[in-house]
Amino acid sequence: MSSDDVDAVLARAAHRAAYAAPDLIAPLINKWRIAFEQDPAVQLDAPNRTISELALCRRPRPSMWMVDVKEISTDLGIKLPLLVFFLRAAEAVERFGDAHATADDHDGRLMAARDVEDD
């Protein structure tokens, strides 16, 4: 199997995990993409393959969060401060979305409140 084939398999697995594996990081990556409309590879200064591998990692345990994130950072070669910021932002988006979910949230995006109606 070529490197491109492995990359494609990893990307497909990460995509599936985003919707079916809440114990993995994949759903956080998906929520981050929706909220910030930016490629995580850019934010984390990492190749797409690394983002797919990150998606398939277990989420950090709350009681061991920093230890787990350091281990993921070391194993995948992602700079620790970038990974910490990314995961904290994704977790905040997830919590905010869970707390304020509505039936009409327009494809999972939260709408900003406006003080003035558009004319």
Side-chain angles (χ1 to χ4, degrees):
M1 188 177 282
S2 74
S3 178
D4 289 341
D5 292 339
V6 171
D7 291 351
V9 168
L10 282 171
R12 282 193 304 274
H15 179 75
R16 283 191 306 271
Y19 300 97
D23 58 327
L24 299 181
I25 293 177
L28 285 178
I29 292 173
N30 191 49
K31 290 178 188 313
W32 193 91
R33 279 187 173 121
I34 291 168
F36 297 105
E37 297 180 350
Q38 184 182 17
D39 183 359
V42 173
Q43 176 65 37
L44 293 170
D45 190 25
N48 286 326
R49 180 179 182 151
T50 301
I51 302 306
S52 295
E53 292 171 338
L54 174 63
L56 298 173
C57 290
R58 287 194 180 278
R59 290 174 77 141
R61 298 166 291 182
S63 63
M64 301 288 291
W65 198 88
M66 199 62 194
V67 171
D68 290 346
V69 173
K70 283 180 184 177
E71 185 176 340
I72 293 167
S73 170
T74 300
D75 289 349
L76 297 181
I78 299 172
K79 294 174 188 150
L80 182 60
L82 295 178
L83 185 57
V84 167
F85 175 81
F86 178 84
L87 291 174
R88 290 285 192 213
E91 288 173 342
V93 167
E94 180 181 62
R95 282 192 303 274
F96 188 73
D98 290 347
H100 300 285
T102 64
D104 60 348
D105 67 357
H106 303 288
D107 298 324
R109 294 176 191 252
L110 297 172
M111 302 299 287
R114 296 180 188 238
D115 291 335
V116 181
E117 291 289 325
D118 289 337
D119 292 327

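Listed by chain and residue number, A21, L24, A26, L56 satisfy the side chain to side chain contact (heavy atoms under 4.5 Å, CB included) test with A17 (two or more places apart in sequence, or in another chain). Looking at residues two or more places apart in sequence or on another chain, you find a side chain to side chain contact (heavy atoms under 4.5 Å, CB included) between A11 and S52. Scored by the side-chain hydrogen bond (donor to acceptor under 3.5 Å, both in side chains) test, E71 finds no partners at all (sequence neighbours excluded). R12 pairs by the side-chain hydrogen bond (donor to acceptor under 3.5 Å, both in side chains) definition with nothing, not counting sequence neighbours.
Atom CG of residue L10 and atom CG of residue L54 lie 12.0 Å apart, to the nearest 0.5 angstrom. Note that SG of C57 and CG of L28 are 11.5 Å apart. Values are rounded to the nearest 0.5 Å. Here the CD-CZ distance, from Q43 to F36, works out to 8.5 Å after rounding to the nearest 0.5 Å. Of the inter-residue distances, the one linking D7 atom CG with T50 atom OG1 reads 9.0 Å to the nearest 0.5 angstrom. Atom CH2 of W32 and atom CD of Q38 lie 4.0 Å apart (nearest 0.5 Å).
Closest approach of R49 and V6 over heavy atoms only: NH2-CG1, 3.2 Å.
No single ILVMFWY cluster, assembled from side-chain heavy atoms under 4.5 Å apart, contains both V42 and I34.
Under a 4.5 Å side-chain heavy-atom criterion applied to ILVMFWY residues, the cluster that includes V67 comprises M64 as well.
In this structure, the side chains of W65 and R88 come closer than 4.5 Å at one or more pairs of heavy atoms.
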Which side-chain N or O atoms in residues 73-87 pair as donor and acceptor under 3.5 Å with protein atoms at least two apart or in another chain?
from : atom 1 : to  : atom 2 : distance (Å)
S73  : OG     : I78 : O      : 2.4
S73  : OG     : L80 : N      : 3.4
T74  : OG1    : K70 : O      : 3.0
K79  : NZ     : D45 : OD2    : 3.0

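Taking the six-membered ring for Trp and thresholds of 30 and 60 degrees, H15 and Y19 have ring planes more than 60 degrees apart, a perpendicular arrangement.
Salt-bridge annotation for D23 and R59: absent, with no side-chain N of the basic residue lying under 4.0 Å from a carboxylate O of the acidic one.
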